[in-house]
K.L.:
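The structure under discussion is supplied below as structure tokens; questions concerning it will follow.
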Amino acid sequence: MEQAAADAAGARSVPVCYRHPDRETGVRCTRCDRPICPECMVDASVGFQCPDCARGGTPASGAAASASSDSRPRTLAGGTLTRDPRLVTKVLIGLNLALFLVKLSLGDVFTNQLDLIGRAYAPHLTGIQGVAEGQWYRLLTSMFLHGGYVHILFNMLSLWWIGGPLEGALGRARYLTLYLVCGLAGGALTYLLAAPNQPSLGASGAIFGLFGATAVLMRRLRYDMRPVIVLLVVNLIITFGVPGIAWQAHIGGLVAGVVVGYAMIHAPRERRALIQYGACALVLLVVAVLTLVRTLQLT
């Protein structure tokens with residue numbers, strides 16, 4: 001009886017990644033059967049392999065070498081497997097922190113030149129400012145600015161916790177593209193719906209996009225969805241419950257994250273890049289249309 005109970009308890013336990021013992025996973029390498037987390041998954045012809053098995057093939061020559069290069073280790077979404085799967089996340093955090101230090105040094109005169117504003121007079125600047133005045137770069141630069149210590153601390157912690165594992169699953173290029181597209185989508189919806197004289201700034205739109213893509217990834221891997229759903233609901237409650245938060249950026253980034261994330265994670269191998277970057281182009285087209293419509297309204 002005791003042995004049967006122990007076996008039942010062991011059957012109920014969730015295995016952990018052999019390279020990251022702190023991460024539970026339900027996916028195993030198709031060659032060695034070791035459990036692997038999203039960061040360690042290498043896309044194979046059937047299922048996923050661990051990095052050790054993916055690198056374990058013998059060198060090929062001639063036509064076989066070409067075939068081998070086509071099947072080199074890849075992430076879940078088809079990206080190149082790298083030694084540091086969090087490099088882009090680290091760079092993004094560093095860039096946000098660097099610009100925050102510049103903002104502390106120069107004050108509002110720096111922020112007012114780069115934050116997202118529709119069309120209005122801005123303090124310390126001459127003339128009417130805003131995206132409607134042709135300053136479309138504000139849709140991008142506002143993603144890397146933050147208003148205060150709590151704002152940047154919360155966003156950078158979220159970026160590290162969510163962005164790191166997602167970068168490992170997507171690969172650097174796809175992850176960076178997802179981040180920027182979601183940030184632009186959040187900025188475009190803010191520009192369209194917010195008051196033209198209401199400034200907006202922060203990485204929240206891009207981070208909510210990472211939330212959406214993470215939910216798609218967890219569903220794809222058949223993980224327990226409850227933790228990410230609870231976290232998302234809490235963030236949405238804060239979004240609509242705390243005054244002064246640009247909810248438009250959060251919703252725009254979230255929707256874009258789900259759309260682009262689904263395309264990146266579920267794209268078939270044969271047309272993977274076309275579908276993945278095609279979805280990004282489609283979202284950017286929507287961003288351009290929303291921006292143009294709002295500009296025509298304000299001018």
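Sequential numbering from 1 along the given sequence is applied to the chain's residues.
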K.L.:
Any side-chain heavy atom of Phe240 sitting closer than 4.5 Å to one from Ile251?
P.N.:
yes
K.L.:
Is there a salt bridge (charged side-chain N to carboxylate O under 4.0 Å, His left out) between Arg19 and Asp52? Walk through the geometry before answering.
P.N.:
CA-CA 10 Å; Arg19 299 176 71 212; Asp52 295 333; 5.6 Å; no
K.L.:
Atom CG of Leu99 and atom CG of Leu104: how far apart are they, to the nearest 0.5 Å?
P.N.:
11.0 Å
K.L.:
Taking Thr141 for its side chain and Leu114 for its backbone only, find out whether a donor-acceptor pair lies under 3.5 Å.
P.N.:
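Yes.
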K.L.:
Using side-chain heavy atoms (C-beta onward) and a distance below 4.5 Å, is Val287 in contact with Leu290?
P.N.:
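No, side chains not in contact.
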K.L.:
Is there a donor-acceptor pair closer than 3.5 Å between any side-chain N or O of Glu167 and the backbone N or O of Leu176?
P.N.:
no
K.L.:
Side-chain contact test, heavy atoms from C-beta onward, threshold under 4.5 Å: evaluate it for Trp247 versus Ile238 and give yes or no.
P.N.:
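Result no, sub-4.5 Å side-chain heavy-atom pair not found.
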K.L.:
Thr295 versus Tyr191: any side-chain heavy-atom pair under 4.5 Å?
P.N.:
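Of all side-chain heavy-atom pairs linking Tyr191 with Thr295, at least one is under 4.5 Å.
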K.L.:
For a side-chain contact (heavy atoms from CB on, under 4.5 Å) check, start with the C-alpha distance between Met143 and Leu180, then their side-chain angles and the critical distance, and finish with the verdict.
P.N.:
CA-CA 9 Å; Met143 296 165 49; Leu180 295 175; 4.0 Å; yes
K.L.:
Given Thr89, which of Trp161, Tyr175, Tyr179 fulfils the side-chain contact (heavy atoms from CB on, under 4.5 Å) condition?
P.N.:
Tyr175
K.L.:
Donor-acceptor check, side chain of Lys103 to backbone of Gly147, threshold 3.5 angstrom: yes or no?
P.N.:
yes
K.L.:
Taking the side chain as everything from C-beta on, heavy atoms only, tell me whether Lys90 gets closer than 4.5 Å to Asp84.
P.N.:
yes
K.L.:
Is it the case that Thr25 and Tyr223 place a side-chain donor and acceptor less than 3.5 Å from each other?
P.N.:
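Yes, a side-chain donor-acceptor pair sits under 3.5 Å.
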K.L.:
Indicate the atoms forming the closest heavy-atom contact of Cys182 with Ala256, along with that distance.
P.N.:
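Nearest pair, atom of Cys182 first, then Ala256: SG-C, 3.9 Å.
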K.L.:
Could you tell me whether the side chain of Thr75 and the main chain of Thr80 form a donor-acceptor pair under 3.5 Å?
P.N.:
no
K.L.:
Rounded at 0.5 Å granularity, tell me how far CE in Met264 sits from CG in Leu178.
P.N.:
5.5 Å
K.L.:
Indicate yes or no for a side-chain donor-acceptor contact from Gln129 to the backbone of Leu125 under 3.5 Å, with no hydrogens or angles considered.
P.N.:
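Judged by distance alone, no pair lies under 3.5 Å.
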K.L.:
Under 4.5 Å between any side-chain heavy atoms of His266 and Val216, yes or no?
P.N.:
yes
K.L.:
Tell me the closest heavy-atom pair linking His250 and Ser204, and the distance in Å.
P.N.:
NE2-CB, 3.0 Å
K.L.:
Report the residue from Glu133, Gln297, Gln135 that forms a side chain to side chain donor-acceptor pair (under 3.5 Å) with Arg119.
P.N.:
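In the set Glu133, Gln297, Gln135, the residue that makes a side chain to side chain donor-acceptor pair (under 3.5 Å) with Arg119 is Glu133.
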K.L.:
Run the numbers on Leu116 and Leu201 for side-chain contact (heavy atoms from CB on, under 4.5 Å), then give the verdict.
P.N.:
CA-CA 6 Å; Leu116 177 57; Leu201 72 171; over 6 Å; no
K.L.:
Is there a donor-acceptor contact under 3.5 Å from the side chain of Arg34 to the main chain of Tyr18?
P.N.:
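It does not hold such a pair.
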K.L.:
Run the numbers on Leu97 and Leu101 for side-chain contact (heavy atoms from CB on, under 4.5 Å), then give the verdict.
P.N.:
CA-CA 6 Å; Leu97 291 175; Leu101 293 177; 5.7 Å; no
K.L.:
Is a side-chain donor or acceptor of Asp115 paired with a backbone partner of Ser200 at a separation under 3.5 angstrom?
P.N.:
no
K.L.:
Please answer: with hydrophobic residues joined when any side-chain heavy atoms are less than 4.5 Å apart, are Leu236 and Val233 in the same cluster?
P.N.:
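Yes, it is one cluster - the side chains of Leu236 and Val233 are joined through contacts under 4.5 Å.
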K.L.:
Within this structure, what is the CZ-OG1 distance for the pair Arg294 and Thr291, rounded to the nearest 0.5 Å?
P.N.:
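Going from the CZ atom of Arg294 to the OG1 atom of Thr291 covers 11.0 Å.
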K.L.:
Count the heavy atoms belonging to other residues, nucleotides or ligands that lie under 6.0 Å from OH of Tyr121, then report whether that count exceeds 12.
P.N.:
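No, because the 6.0 Å sphere around OH of Tyr121 holds 12 heavy atoms or fewer from other groups.
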K.L.:
What distance separates Ile117 CD1 from Gln198 CD, expressed to the nearest 0.5 Å?
P.N.:
8.5 Å
K.L.:
What are the two closest heavy atoms between Pro35 and Arg28, and how far apart are they?
P.N.:
CD-NH1, 3.5 Å
K.L.:
For the rings on Tyr149 and Phe100, is their centre-to-centre separation under 6.0 Å?
P.N.:
yes
K.L.:
If hydrophobic clusters are built by linking Ile, Leu, Val, Met, Phe, Trp and Tyr wherever their side-chain heavy atoms come under 4.5 Å apart, do Leu298 and Trp136 end up in the same one?
P.N.:
yes
K.L.:
Any idea which heavy atoms bring Ser158 and Ile207 closest together, and the distance?
P.N.:
CB-CG2, 3.9 Å
K.L.:
Does the pair Asp108 and His124 meet the rule for a side chain to side chain donor-acceptor pair (under 3.5 Å), with working shown?
P.N.:
CA-CA 8 Å; Asp108 292 339; His124 312 294; 4.8 Å; no
K.L.:
Quick check on Arg272: does its CZ atom have over 12 non-hydrogen neighbours (other residues, nucleotides or ligands) under 6.0 Å away?
P.N.:
yes
K.L.:
Using every non-hydrogen atom in the two residues, find where Ala77 and Leu170 come nearest and quote the distance to one decimal.
P.N.:
CB-CD2, 3.7 Å
K.L.:
Are any side-chain N or O atoms of Arg86 and backbone N or O atoms of Trp160, one a donor and one an acceptor, separated by less than 3.5 Å?
P.N.:
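Here the side-chain-to-backbone pair exists.
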K.L.:
Can you find a heavy atom in the side chain of Leu217 that is under 4.5 Å from one in the side chain of Leu76?
P.N.:
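Answer yes - side chains close enough.
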K.L.:
Between Thr190 and Ala249 (side chain of the first, backbone of the second, donor and acceptor by atom type, cut-off under 3.5 Å), is there such a pair?
P.N.:
yes
K.L.:
Count the heavy atoms belonging to other residues, nucleotides or ligands that lie under 6.0 Å from CZ of Phe154, then report whether that count exceeds 12.
P.N.:
no
K.L.:
For a 4.5 angstrom cut-off between non-hydrogen side-chain atoms, does Leu284 reach Leu184?
P.N.:
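SC-SC contact between Leu284 and Leu184 confirmed.
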K.L.:
Find the distance between CZ (Arg219) and CE (Met225) and round it off to the nearest 0.5 Å.
P.N.:
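Atom-to-atom, Arg219:CZ and Met225:CE are 6.5 Å apart.
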K.L.:
For the CG atom of Leu189 and the CG atom of Leu254, what is their distance to the nearest 0.5 Å?
P.N.:
11.0 Å
K.L.:
Grab the two heavy atoms, one from Ala185 and one from Val283, that are nearest each other, plus how far apart they are.
P.N.:
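Ala185 and Val283 have their closest heavy atoms at CB-CG1, 4.3 Å.
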